[in-house]
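To keep things clear, I will list the structure first and then write my remarks on it.
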Amino acid sequence: GNVLLFAIDGYKFYDKDMDGVMDEDEPGMIGWTITLNGVDDMGDSFFDTDVTDEDGYYSFEGLHPGVYEVDEILMPNWVATTELPVEVDVSGLTVGFDRHVNIGNMQFATIWGYKFLDTYEASYPFWPNGLFDGDEYGLGNWMITLQGRDINGDLVSMVMYTQNDGDPEDIGLYAFTGLLPGMYWVNETMMWGYYATRPVANLVMVYPFPMGPVVIRIDFGNLLPSVDPELNFLLHAGWNLWSSPLVVEGGLTAKSLLAAIGPAGVMVTKLDTVSQTWKSYVVEDPDKFDFPVVLGQGYYVWASYNTVFKLKGDLVLDSTTPLASGWNIMGYNSLEPIMASEALNMVDGTTAWMITYLDSETGKYVSFVKGDPAKFDFVVTPGRAYFIWVEGPGSVVY
């Protein structure tokens, strides 16, 4: 007795129009791993892989009659336009016919960039130039939106806020990922007191390029001509260590802060550095429990869910915050991010040994001790507050 063996082959291709069919202008793709699973008519299991060649071609030969599934190992940032796995049923085959299975893919696009403060230049053109220069810094907690339709006609609407923690080079960063080809508007949501030095709305056409990653960068630059800007503050559900570099007109108290936060705001707690005790105000408490929110000091804020709120006020460029011996909760009174090691060196009149912040996403505290290796250093940004331990009375000078 004999059996006629057969083959399964095909092409891995870049599906520009996402119809799952390999057209003449759609190229094959090299280096993709194609898998074949199955059970032949004798009940034996089969598994094999092949890697596509420079034309995107793969093949599995010498196969017994049976039922097989063709699949791929999907690479990051790609999506299959062919419904996988593809079943090939040649069970009981008495005449050998090879089977052809083409697999289409489309690469996701990424639109990313920075929100940055565009400062005056020391040389021509002197005015802010709309470019994110090396001496400028990103702005965290800035709202960026993306809206449009993908190649399938589906509406896409995304909102994110620029990064306000992590590595220094990540401050002000945003990234919309997983985008199909299509036409999108990428916009910044302007806040009071800022002047745009780049377009605030950008029309982006994402084409289905088959060569290399589809990555498009759009930066948003702003000048700060006003002394009373508006700032976004992001709170996570649970405890947040919070501060503001703004002096709000009429003054800000724990009660008015919770009102500005909205329904998510539940409680504000401060540290009395003299007695090293805590004082709290809970929403709807009598006014006798209210207390002022002071520039340069930090506070615990409890939010019942993730939320964003705005404050508008004067940005105080030169200020001094007194520190008591021992632990203090320090605010950060500048827009420009600095490192924790730099913050310790800003303390006058005493030695600051440790600075700690609360990662409100994880609920864990992260510390930097004076003299620690650089790998433990972290970025200090506005909108957050920090525990700082000092030997004796002193002050932080901005």
Side-chain angles (χ1 to χ4, degrees), residues 112-119 122 131-142 160-175 217 219 221 231 233-234 236 239-245 271 273 296-300 317-398:
W112 71 285
Y114 285 92
K115 175 68 189 176
F116 67 97
L117 193 67
D118 201 0
T119 57
L131 302 177
F132 192 6
D133 300 309
D135 60 343
E136 295 169 342
Y137 54 87
L139 296 173
N141 293 344
W142 201 283
M160 69 168 41
Y161 289 83
T162 56
Q163 196 160 320
N164 197 42
D165 56 10
D167 295 330
E169 60 269 19
D170 292 337
I171 304 300
L173 177 68
Y174 76 93
R217 177 173 177 173
D219 291 340
L231 293 180
F233 298 95
L234 275 63
H236 291 274
W239 285 114
N240 300 262
L241 268 175
W242 176 89
S243 71
S244 171
L271 172 64
T273 55
Q297 295 184 10
Y299 303 84
Y300 275 109
L317 300 180
D318 298 310
S319 62
T320 300
T321 300
L323 299 175
S325 178
W327 284 112
N328 301 259
I329 304 183
M330 179 187 76
Y332 184 61
N333 296 355
S334 175
L335 291 181
E336 182 175 1
I338 62 172
M339 300 305 295
S341 54
E342 297 176 80
L344 291 179
N345 292 330
M346 290 170 57
V347 175
D348 282 349
T350 185
T351 300
W353 284 105
M354 183 188 300
I355 184 169
T356 300
Y357 79 93
L358 170 64
D359 185 333
S360 53
E361 287 190 87
T362 64
K364 296 181 179 180
Y365 289 87
V366 180
S367 298
F368 176 82
V369 179
K370 195 176 187 68
D372 267 354
K375 67 179 181 179
F376 298 114
D377 214 354
F378 56 81
V379 68
V380 174
T381 54
R384 300 161 68 188
Y386 303 85
F387 277 101
I388 187 168
W389 195 92
V390 295
E391 276 187 355
S395 60
V396 180
V397 179
Y398 294 93

### Summary
Correct closest heavy-atom pair for P245 and P382 would be CG-CB, 4.1 Å
#### Entry: Gap between atom CD1 of I171 and atom CD of Q163 - 0.5 Å precision
6.5 Å
#### Entry: Contact summary for T320 and S395, nearest pair of heavy atoms
CG2-CB, 3.6 Å
## Note on the structure
Sorted by chain and residue number, the salt bridge (charged side-chain N to carboxylate O under 4.0 Å, His left out) partners of D219 (sequence neighbours excluded) come out as R217
### Task
Answer yes or no: is there a donor N or O on one side and an acceptor on the other, between the side chain of E136 and the main chain of T119, under 3.5 Å?
yes
### Query
So do T273 and Q297 actually touch side chain to side chain, heavy atoms under 4.5 Å?
no
### Message
To check you understand the geometry: which heavy-atom pair defines the closest contact between T356 and S367, and what is its length?
### Response
OG1-OG, 2.7 Å
### Message
Would you compute the distance between atom CG of L131 and atom CZ of F116 and round it to the nearest 0.5 angstrom?
### Response
6.5 Å
### Message
Counting C-beta onward and ignoring hydrogens, is there a side-chain heavy-atom pair between Y300 and L241 closer than 4.5 Å?
### Response
yes
### Heavy-atom side-chain contact between Y398 and E336 under 4.5 Å
no
### Task
Give the C-alpha distance, both sets of side-chain angles, the deciding distance and a yes or no for side-chain contact (heavy atoms from CB on, under 4.5 Å) between W353 and E391.
CA-CA 8 Å; W353 284 105; E391 276 187 355; 2.9 Å; yes
### Task
Identify the two heavy atoms, one from D165 and one from R384, that lie closest to each other, and give their separation to 0.1 Å.
CB-NH1, 3.2 Å
### Message
Could you check whether any side-chain heavy atom of T381 comes within less than 4.5 Å of a side-chain heavy atom of N141, counting everything from C-beta outward?
### Response
no
#### Entry: Contact summary for S243 and Y332, nearest pair of heavy atoms
OG-N, 3.2 Å
### Task
Indicate yes or no: at least one non-hydrogen side-chain atom of V347 is less than 4.5 angstrom from one of L323.
yes
### Query
If you round to the nearest 0.5 Å, how far is CD1 of I388 from OH of Y357?
15.5 Å
### Message
Could you measure the distance from the CG atom of L139 to the CG atom of D118? Nearest 0.5 Å is fine.
### Response
10.0 Å
### Query
So how far is it from I329 CD1 to Y386 OH, rounded to the nearest 0.5 Å?
13.0 Å
### Message
Between N345 and K370, is there a side-chain heavy-atom distance shorter than 4.5 Å?
### Response
yes
### Query
Is I355 close to V380 at the side-chain level, that is, under 4.5 Å between some pair of heavy atoms?
yes
### Query
When you measure from the side chain of Y114 to the backbone N and O of T162, does any donor-acceptor pair fall under 3.5 Å?
no
Would you list the atom pairs, donor with acceptor, under 3.5 Å between side chains in residues 372-379 and any protein atom, with sequence neighbours excluded?
from : atom 1 : to   : atom 2 : distance (Å)
D372 : OD2    : V369 : N      : 3.0
D377 : OD1    : A340 : N      : 3.2
D377 : OD1    : S341 : N      : 3.0
D377 : OD2    : S341 : OG     : 2.6

### Query
Of the non-hydrogen atoms in L173 and W112, which two are nearest, and what is the gap between them?
CD1-CE3, 3.6 Å
### Task
Please tell me if the side chains of L344 and F368 come closer than 4.5 Å, counting only heavy atoms from C-beta onward.
yes
### Task
Using the six-membered ring wherever Trp is involved, compare the ring planes of W327 and W389 and label them parallel, tilted or perpendicular (cut-offs 30° and 60°).
perpendicular
